[in-house]
**Student:** 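Sharing a structure, written as structure tokens. Questions coming.
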Amino acid sequence: MSVAASVSIPYSPAVPDCCVLYAWRSKIILSARASAACEDAHVMHELVERGVRDDPALRPPGQQHTAYAAERQPSEARRNCGLAGRPLSLLVQSAEEPDRGAQLRAGVVEGVRCERIRHTWRRGDRAEIQVYASPLVKRHGTSGKVLLHSPEECRSWFRRHLERAGCKPLAKSILVSDPESMRQRWQTITLREFRATAKIADPARFHELLVSGMGRNRAWGAGLVLASPAEPRGVQ
């Protein structure tokens with residue numbers, strides 16, 4: 001798996017056609033020991049949370065919780081078995097500046113690149129959207145969520161989430177990868193990569209998507225929505 005540039009937002013309802021996005025974005029290079037341990041998504045979650053000063057009770061309204069995604073080691077053998085590769089690095093976005101000093105000193109983390117980013121989205125802008133998500137739905141007669149399997153069902157699931165978030169996916173732009181599974185102690189979490197080019201019709205709802213993420217299993221590295229401006233048509 002690979003991850004793209006990310007953004008997050010506070011949103012001002014006084015400017016309904018525009019939202020300003022800013023966040024702390026960190027790329028964390030894992031040590032070999034941490035990479036092996038983080039094959040368990042629960043361990044990966046704990047590693048992310050230890051370096052973020054994020055108290056939900058003190059978080060300003062409209063600011064995101066911590067979200068993250070893993071860049072994983074390519075492995076044809078694992079992919080053929082439907083397994084996600086070992087995490088090599090993590091992309092973490094948070095409302096507060098993270099502190100990875102203790103993890104660097106302990107050798108858990110080999111390197112950190114952290115920056116404050118800012119971007120403005122306007123009604124009518126086109127965005128390239130990427131997310132690793134668990135396509136789960138509630139089905140009649142079931143007590144929990146059911147994992148979607150067919151690519152067509154997954155594309156429809158992704159389209160619905162984008163449309164609810166005030167985005168209009170461009171025709172034939174939705175791409176869905178093969179499923180990959182990772183461990184989370186007592187369960188297996190299945191992820192797919194979703195991509196689309198979409199026109200932003202409602203910046204306020206787009207804000208909610210980027211702040212809240214998409215789908216289930218967000219504590220375990222699923223659902224972080226990454227967005228970047230789409231190139232104008234005709235630009236290669």
Side-chain angles (χ1 to χ4, degrees), residues 1-8 23-56 59 63-117 130-134 136 177-194 210-226 228:
M1 296 182 181
S2 61
V3 291
S6 70
V7 289
S8 68
W24 288 97
R25 185 180 71 201
S26 306
K27 183 172 183 179
I28 302 170
I29 309 300
L30 301 176
S31 68
R33 175 168 54 91
S35 176
C38 284
E39 287 195 80
D40 183 330
H42 191 91
V43 175
M44 185 166 60
H45 169 76
E46 290 181 338
L47 185 150
V48 169
E49 290 296 314
R50 283 194 200 105
V52 178
R53 299 187 296 266
D54 184 19
D55 183 347
R59 190 185 305 142
Q63 290 208 1
Q64 66 169 27
H65 55 71
T66 301
Y68 67 98
E71 184 174 16
R72 297 179 179 274
Q73 180 181 44
S75 172
E76 198 62 37
R78 292 176 68 94
R79 189 175 297 111
N80 289 339
C81 297
L83 300 175
R86 177 175 289 183
L88 299 177
S89 65
L90 304 175
L91 180 67
V92 182
Q93 65 179 42
S94 57
E96 300 296 329
E97 183 177 8
D99 181 2
R100 301 284 169 187
Q103 292 173 325
L104 283 165
R105 291 189 294 273
V108 174
V109 171
E110 291 189 347
V112 179
R113 186 173 70 244
C114 181
E115 62 179 337
R116 187 78 180 271
I117 60 170
Q130 176 193 19
V131 58
Y132 289 98
S134 294
L136 296 161
S177 75
D178 292 334
E180 295 182 353
S181 297
M182 59 181 179
R183 291 185 294 111
Q184 198 282 315
R185 294 197 176 173
W186 60 85
Q187 65 178 327
T188 298
I189 297 169
T190 299
L191 302 179
R192 288 181 185 258
E193 180 189 12
F194 296 85
L210 292 171
V211 167
S212 301
M214 181 180 293
R216 308 276 289 187
N217 292 321
R218 281 171 273 178
W220 317 120
L224 170 61
V225 177
L226 311 176
S228 59

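The residues of the chain are indexed from 1 along the displayed sequence.
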**Student:** Please find the pair of heavy atoms, one from Ala37 and one from Val43, that lie closest to each other, and give the distance.
**Tutor:** O-CB, 3.5 Å
**Student:** So do Ser181 and Ile189 actually touch side chain to side chain, heavy atoms under 4.5 Å?
**Tutor:** no
**Student:** Leu30 versus Pro87: any side-chain heavy-atom pair under 4.5 Å?
**Tutor:** yes
**Student:** Considering all heavy atoms of both residues, which atom of Ala84 and which atom of Met182 are nearest to each other, and what is their separation?
**Tutor:** CB-CB, 4.5 Å
**Student:** Please give me the minimum heavy-atom distance between Glu180 and Leu83, naming the atom from each residue.
**Tutor:** CB-C, 4.3 Å
**Student:** Please enumerate all residues that pass ring-ring contact (aromatic ring centres under 6.0 Å, His included) together with Phe194, with sequence neighbours excluded.
**Tutor:** Trp157, Phe158
**Student:** Is any side-chain heavy atom of Leu91 closer than 4.5 Å to one of Glu71?
**Tutor:** no
**Student:** Look up atom CH2 in Trp24 and atom CZ in Arg116, then write down how far apart they are to the nearest 0.5 Å.
**Tutor:** 6.0 Å
**Student:** Which heavy-atom pair separates Arg78 from Arg86 by the least distance, and what is that distance?
**Tutor:** NE-N, 4.3 Å
**Student:** Out of curiosity, Leu90 CG to Met44 CE, how far, rounded to the nearest 0.5 Å?
**Tutor:** 6.5 Å
**Student:** Roughly how far, to the nearest 0.5 Å, is OG of Ser35 from CZ of Arg72?
**Tutor:** 9.0 Å
**Student:** Please report the interatomic distance CD(Gln73) to OG(Ser89), rounded to the nearest 0.5 Å.
**Tutor:** 11.5 Å
**Student:** So, for Ser94 and Thr66, which heavy atoms are closest and what is the spacing to 0.1 Å?
**Tutor:** CB-OG1, 3.9 Å
**Student:** Could you tell me whether the side chain of Arg25 and the main chain of Glu115 form a donor-acceptor pair under 3.5 Å?
**Tutor:** no
**Student:** The criterion is side chain to side chain donor-acceptor pair (under 3.5 Å); which residues satisfy it with Arg218, sequence neighbours excluded?
**Tutor:** none
**Student:** Is it true that, when you exclude Arg185 itself, more than 12 heavy atoms of the residues, nucleotides or ligands shown sit nearer than 6.0 Å to its CZ?
**Tutor:** yes
**Student:** Please confirm whether the backbone N or O of Ala219 pairs with a side-chain atom of Tyr68, one donor and one acceptor, at under 3.5 Å?
**Tutor:** yes
**Student:** Rounded at 0.5 Å granularity, tell me how far CD1 in Ile28 sits from CG in Leu88.
**Tutor:** 13.5 Å
**Student:** Donor-acceptor check, side chain of Ser26 to backbone of Cys114, threshold 3.5 angstrom: yes or no?
**Tutor:** no
**Student:** Side-chain atoms of residues 103-110: list all donor-acceptor pairs with protein atoms under 3.5 Å, sequence neighbours left out, distances to 0.1 Å.
**Tutor:**
from   : atom 1 : to     : atom 2 : distance (Å)
Gln103 : OE1    : Arg100 : NH1    : 3.0
Gln103 : NE2    : Leu47  : O      : 2.9

**Student:** Measure the spacing between CZ of Arg183 and CD of Glu39 and express it to the nearest 0.5 Å.
**Tutor:** 6.0 Å
